[in-house]
Amino acid sequence: MQLKNNNFKNYLSIGTIDAHTEGEPLRIITSGYPDIKGDTILEKRQYLLSHLDHLRQLLMFEPRGHADMYGALLTEPCTEQADFGILFMHNEGYSSMCGHGIIAAVSVAIESGSIAMPAPQQAIGIDSPAGLIRAYASEDETGKLQVSFDNVPSFVEALNQQVEVNELGTVEYDIAFGGAYYAYVDADKLGLSCAMDNQQALIDAGRAIKHAVMAQYPLQHPVEDDLSFFYGTIFYSSKTTKHSAHSRHVCIFADGEVDRSPTGTGVSGRAALLAVKEQLPENQAVEIESIVDGRMTVNIQQTTDFHGKSAVIPRVSGRAFVTGVHTFMLAQDDIFPQGFMLR
């Protein structure tokens with residue numbers, strides 16, 4: 001029997017294109033959302049939070065999503081330099097910036113024909129809550145699409161801090177901003193493996209460290225109060241699968257979510273840290289692995305002053321792949337209209 005798929009009545013329908021960047025999912029919403037009000041991208045994010053959060057839960061939570069799902073909604077541009085805007089969502093709410101999301105969204109937009117392949121070194125401007133992002137696309141010798149982006153100014157907030165964490169003892173950490181604030185922790189010093197089979201221990205430790213740091217170190221972004229929050233903990237390790245990789249990242253963010261990629265905002269903040277701690281020069285590429293052996297490269301394009309803070313402009317590159325085109329549906333009498341989460 002061949003099932004029909006055009007006879008569903010009284011259902012809410014939301015269309016998406018799903019992709020992944022270096023293993024980390026991105027569910028890009030293509031239809032079913034109402035207009036997002038607001039003159040700025042931060043106002044639009046606030047509108048999503050205040051009026052449409054039930055749709056985020058529908059798409060991110062089970063049974064349509066899962067605890068580690070990630071999503072994006074594309075909007076009209078809010079600034080003259082941008083071609084479009086982007087808003088990111090996850091299991092806890094809405095993030096400020098997402099590197100894997102930028103790479104996947106640009107890849108999908110070009111592969112679907114929604115935007116034309118830009119000329120070499122022609123920037124695609126994207127309004128994100130953290131600021132304007134400039135993305136670049138090209139094809140390699142095999143015809144594979146290559147996408148990179150120049151992130152917002154990334155800077156070190158604090159170095160060589162310590163905090164007491166239950167069951168972990170004294171934890172040393174640095175804080176850096178790469179579109180979001182992270183506490184960076186040397187996993188090797190903690191004796192914490194960054195392998196796939198250790199994910200639950202990483203989640204538990206990442207959550208505990210995040211909340212301990214939040215209680216100890218209040219944040220104030222130089223420009224936007226809406227960006228003044230800790231997003232997660234990034235564990236880094238020198239134990240890599242590839243000899244060419246500088247280090248391995250495991251990012252625990254939002255409500256215990258595990259990034260399958262090295263984390264685009266995370267490697268941006270790490271570039272700022274490496275410039276200070278290892279004197280990383282401009283235009284030297286650094287490859288960073290993820291928990292599933294995905295990889296991103298980052299290099300410092302230039303240094304700059306960001307409202308009194310010494311900052312870098314990181315360029316991040318990675319690979320994205322479309323995984324499916326979907327129509328998610330909600331019956332009027334569905335017993336789980338906002339879904340649920342079981343880890």
Side-chain angles (χ1 to χ4, degrees), residues 23-25 60-62 65-70 90-93 95-96 98 100 156-220 228-241 245-263 265-270 272-274 276-277 288-294 340-343:
E24 176 69 359
M60 298 296 102
F61 293 0
E62 297 181 55
H66 51 78
D68 296 298
M69 180 51 70
Y70 206 97
H90 47 69
N91 70 14
E92 190 178 46
S95 59
S96 300
C98 173
H100 96 271
V156 175
E157 173 68 25
L159 289 172
N160 305 319
Q161 303 293 302
Q162 292 185 340
V163 67
E164 294 299 318
V165 182
N166 289 340
E167 299 184 6
L168 294 174
T170 302
V171 175
E172 299 177 0
Y173 68 93
D174 303 313
I175 303 171
F177 179 86
Y181 285 99
Y182 297 96
Y184 289 79
V185 177
D186 188 335
D188 299 338
K189 283 187 177 180
L190 286 181
L192 194 61
S193 168
C194 287
M196 289 175 63
D197 60 5
N198 200 42
Q199 67 160 327
Q200 190 57 55
L202 290 162
I203 292 170
D204 294 342
R207 275 174 159 165
I209 292 169
K210 173 184 173 179
H211 290 293
V213 172
M214 286 172 62
Q216 180 188 75
Y217 196 106
L219 290 169
Q220 182 59 56
S228 302
F229 62 93
F230 271 108
Y231 194 36
T233 302
I234 291 182
F235 295 106
Y236 58 90
S237 171
S238 61
K239 299 174 183 177
T240 61
T241 300
H246 172 276
S247 52
R248 191 176 184 92
H249 274 193
V250 180
C251 177
I252 310 298
F253 68 99
D255 185 15
E257 195 158 336
V258 184
D259 197 333
R260 274 67 172 161
S261 82
T263 309
T265 51
V267 301
S268 296
R270 187 79 188 289
L273 281 167
L274 291 175
V276 174
K277 302 183 79 170
I288 298 180
E289 292 181 348
S290 75
I291 191 171
V292 297
D293 293 337
F340 54 86
M341 279 199 301
L342 287 178
R343 184 166 293 282

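Note that the structure is predicted; figures quoted are calculated from it, not measured.
- In this structure, Val185 and Ile209 have side chains that are in contact, with non-hydrogen atoms separated by less than 4.5 Å.
- Taking CG of Asp204 as the start and CD of Glu167 as the end, the distance is 8.5 Å to the nearest 0.5 Å.
- Each of Phe235, Tyr182, Tyr231 was evaluated against Cys251; a single residue qualifies, Tyr182, per the side-chain contact (heavy atoms from CB on, under 4.5 Å) test.
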Worksheet item: Would Tyr181 and Ser96 satisfy side chain to side chain contact (heavy atoms under 4.5 Å, CB included), going step by step from the backbone distance to the final call?
Response: CA-CA 10 Å; Tyr181 285 99; Ser96 300; over 6 Å; no
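- The ring pair (Phe, Tyr, Trp, His ring centres under 6.0 Å) check on Tyr236 picks up nothing, with sequence neighbours excluded.
- Remark: the backbone N or O of Phe177 is not paired with any side-chain donor or acceptor of Glu157 at under 3.5 angstrom.
- One finds the NE2 atom of His249 at 11.0 Å from the OG atom of Ser290 (value rounded to the nearest 0.5 Å).
- Side chain of Gln161 to main chain of Leu159: a donor-acceptor pair is present (N/O by atom type, distance under 3.5 Å, no hydrogens or angles).
- Atoms CD1 and CD1, on Ile252 and Ile291 in that order, are 6.5 Å from each other to the nearest 0.5 Å.
- Rounding to the nearest 0.5 Å gives a distance of 4.5 Å between OG1 of Thr241 and CZ of Arg248.
- Using modelled atom types, no side-chain atom of Asn91 and backbone atom of Ala254 make a donor-acceptor pair closer than 3.5 Å.
- Note on ring orientation: taking the six-membered ring where Trp is involved, the planes of His90 and Phe253 are perpendicular (angle over 60°, cut-offs 30° and 60°).
- In this structure, a donor-acceptor pair under 3.5 Å is present between the side chains of Asp188 and Ser238.
- Side chains of Arg270 and His246 form a contact here, defined as non-hydrogen atoms less than 4.5 Å apart.
- Closest approach of Val213 to Ala183, counting heavy atoms only: CG2-CB, 4.2 Å.
- A distance of 6.0 Å separates OG1 in Thr170 from CD in Gln162, rounded to the nearest 0.5 Å.
- Of all heavy-atom pairs between Tyr184 and Thr265, the closest is OH-O, 4.1 Å.
- The heavy-atom pair separating Leu192 from Ala201 by the smallest distance is CD1-CB, 4.3 Å.
- Gln216 and Pro218 get closest at one heavy-atom pair: O-CD, 3.5 Å.
- Shown here are the side-chain contact (heavy atoms from CB on, under 4.5 Å) partners of Asn160, two or more places apart in sequence or in another chain: Asp174, Lys277.
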Practice prompt. Apply side-chain hydrogen bond (donor to acceptor under 3.5 Å, both in side chains) to Ser95 and Tyr70, showing your working.
Written response: CA-CA 10 Å; Ser95 59; Tyr70 206 97; 2.5 Å; yes
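- Separation of atoms CE (Met214) and NE2 (His211) is listed at 6.0 Å; rounding is to 0.5 Å.
- Applying the ring pair (Phe, Tyr, Trp, His ring centres under 6.0 Å) test to Tyr173 and every residue at least two apart in sequence or in another chain returns nothing.
- Shortest non-hydrogen contact noted between Ala212 and Glu164 is CB-O, 4.0 Å.
- Contact of the Val258 side chain with the Arg260 side chain is registered, since non-hydrogen atoms from C-beta on lie closer than 4.5 Å.
- Of all heavy-atom pairs spanning Cys98 and His100, the tightest one is SG-ND1, 2.9 Å.
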